[in-house]
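We count residues from 1, following the sequence as given.
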Amino acid sequence: MSLRLMSPTLRGIAAMIGAMLLFITNDMMLKLATAHVPVGEVLGARSVFATLFVLALLAGTGELRHALAAFRPQVLARSSLDSATTFIYVMALAVLPISTTTTIYMAAPLITTALAVPLLGEKVGFKRAIAIAIGFSGAVVVAHPDPATFSLFAILPLIAATCGALRDIVTRGIGAHVPGGVVVLSSTIALGVTGAGFALWEPWVVPSLAGWALIVATGATFAFGNLLLVYAFRHAPVQVVSPLRYVMVPVALFYGYFIFGHVPDSWATIGTILVVGAGLYSIQQETARGRKAARDAVAADIQASEASAAVVMPPVASPIPAAAGSAVAARLSPPANDDAPSAKAAKGGAPQPAAITRECPHS
């Protein structure tokens, strides 16, 4: 089917799936690159290429004139948190299996929901609270709580997920007038500065030709992945595309097995099911709550419209003047004769019923 023949929602779904595939492929290539090149150097070099790709995208879409918005305080705060998220996540990728890192990081939406309570004043119902607890439990299970096999590095994806949740909360405060590409540009610049600063403390390694190819490819997948992500959320409902973020988990398992030779154990399998299941359920609950709020808003608007449209009709004036009406009523009324005798009976003298007068309440 041609993309032009697809509905906007279907195009948004395709874009979201494409973005998740690019992001997890980016993670796979970063893991390969950091096996021979220090993390700071890889991220610094990748950010240079990603920035060039994003600038080209902004120029192509005519949004380059908004580039200075990348340095607004709210955008910079979001970029700083995004840099911390990416840097910590890549450090985890360098030492942990890609499936483990990805699955633990998938707790980020649950952390966002939990942090929205104290930071944004939002309310979380009992069911969503249970889902958050189950998701956290799944992340802990994936991290291997067995003291004999537990590694402190397993905490890194959870820290990255927390930073990512804070980043998403800060993102809500960025006005819609700031293009998504400009936000991405700010993130690439901030991450480049962070990577370059961290690289000063690391031994410099000249990448091989394959290493440079991986770094350039990660820059491209990062830039185009973000472009598809923005497209997905602008053309399809959030409740439709949000669950598709979990496409990364099975692809991470695929890369982990066929590229890095990692086979998930029982801990990782159970934890993955808990994290993904809790995340999908939480999204479903959020979607149901949003639909209910929308229905309530529509009902309130209808009631307000009906109330404003309801007016008291003025009394209809009689076409007959009051004086003329009185004269007509006098002619139609029977003559008053208080001394008239009662109606005579027919044969047998039985009294006839009295005449119904104008004062009868049913007249």
So, do [X] and [Y] sit near enough that their side-chain heavy atoms are less than 4.5 Å apart?
X	Y	answer
Val117	Lys123	no
Met20	Val251	no
Leu10	Ser7	yes
Tyr89	Leu156	no
Pro157	Thr100	no
Thr194	Leu43	no
Leu229	Phe23	yes
Val276	Met106	no

Do you know the tightest heavy-atom contact between [X] and [Y]?
X	Y	result
Val241	Ala236	CG1-CB, 3.6 Å
Ala160	Thr85	O-CG2, 3.4 Å
His36	Val205	O-CG1, 3.7 Å
Ser242	Phe233	OG-CE2, 3.9 Å
Gly180	Val230	CA-CG2, 4.3 Å
Pro109	Tyr246	CG-OH, 4.1 Å

When you look at Arg46 and Thr86, which way does the side chain to side chain contact (heavy atoms under 4.5 Å, CB included) test go after all the steps?
CA-CA 12 Å; Arg46 187 198 75 164; Thr86 304; 3.8 Å; yes

Would you confirm whether [X], through its side chain, and [Y], through its main-chain N or O, come within 3.5 Å as a donor-acceptor pair?
X	Y	answer
Thr188	Leu185	yes
Ser99	Leu253	no
Thr221	Thr218	yes
Thr34	Val37	no
Lys31	Leu96	yes
Glu63	Val182	no
Thr61	Leu58	yes

Shared hydrophobic cluster for [X] and [Y] (ILVMFWY, side-chain gaps under 4.5 Å):
X	Y	answer
Val247	Val275	yes
Ile24	Met28	yes
Leu30	Leu52	no
Ile215	Leu22	yes
Val140	Ile273	no

Criterion side chain to side chain contact (heavy atoms under 4.5 Å, CB included) on Thr269 and Asp265, from CA distance to verdict
CA-CA 6 Å; Thr269 302; Asp265 56 13; 5.9 Å; no

Rounded to the nearest 0.5 Å, what's the gap from [atom1] on [X] to [atom2] on [Y]? Could you check?
X	Y	atom1	atom2	result
Asn26	Phe222	CG	CZ	7.5 Å
Met16	His235	CE	NE2	15.0 Å
Thr113	Gln285	OG1	CD	11.0 Å
His66	His177	NE2	NE2	9.5 Å
Ile132	Ser137	CD1	OG	11.5 Å
Ser83	Ile189	OG	CD1	10.5 Å

Between Tyr281 and Arg128, do the side chains contain an N or O donor and an N or O acceptor separated by less than 3.5 Å?
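Looking only at side-chain atoms, Arg128 and Tyr281 do not form any donor-acceptor pair under 3.5 Å.
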
Under a 3.5 Å cutoff, is there a donor and acceptor pairing between the side chains of Tyr255 and Thr25?
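Yes - a donor-acceptor pair under 3.5 Å links their side chains.
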
Linking directly or through intermediates, with side-chain heavy atoms under 4.5 Å: list the remaining ILVMFWY members grouped with Val206, chain and number order.
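When side chains under 4.5 Å apart are linked, the cluster holding Val206 also contains Trp204.
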
If you count heavy atoms of other groups shown closer than 6.0 angstrom to CG of Leu209, is the number above 12?
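No, the 6.0 Å shell around CG holds no more than 12 heavy atoms from other groups.
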
Evaluate whether atom CZ of Phe136 has more than 12 neighbouring non-hydrogen atoms of other residues, nucleotides or ligands under 6.0 angstrom away.
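Enclosed.
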
Cation-pi geometry met for Arg11 and Tyr231 (6.0 Å, 45°):
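No cation-pi geometry.
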
Would the Phe258 and Phe254 ring centres measure less than 6.0 Å apart?
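Ring centroids of Phe258 and Phe254 are less than 6.0 Å from each other.
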
Do the rings of Phe198 and Phe87 sit parallel, tilted or perpendicular, given the 30° and 60° boundaries?
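Answer is perpendicular, since the angle exceeds 60°.
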
Test Phe53 against Leu227 for side chain to side chain contact (heavy atoms under 4.5 Å, CB included), laying out the working first.
CA-CA 10 Å; Phe53 283 119; Leu227 179 67; over 6 Å; no

Using the side chain to side chain contact (heavy atoms under 4.5 Å, CB included) rule, take Arg72 and Val75 through it: C-alpha gap first, then chi angles, then the decisive distance, then the call.
CA-CA 5 Å; Arg72 293 182 178 179; Val75 179; 4.3 Å; yes

Scan the side chains in residues 161-176 for donor-acceptor partners under 3.5 Å anywhere in the protein, sequence neighbours excluded, and list what turns up.
residue: Thr162; atom: OG1; partner: Leu158; partner atom: O; Å: 3.0
residue: Arg167; atom: NH1; partner: Asp82; partner atom: OD1; Å: 2.9
residue: Thr171; atom: OG1; partner: Arg78; partner atom: NE; Å: 3.2
residue: Thr171; atom: OG1; partner: Arg167; partner atom: O; Å: 2.7
residue: Arg172; atom: NH1; partner: Glu122; partner atom: OE2; Å: 2.9

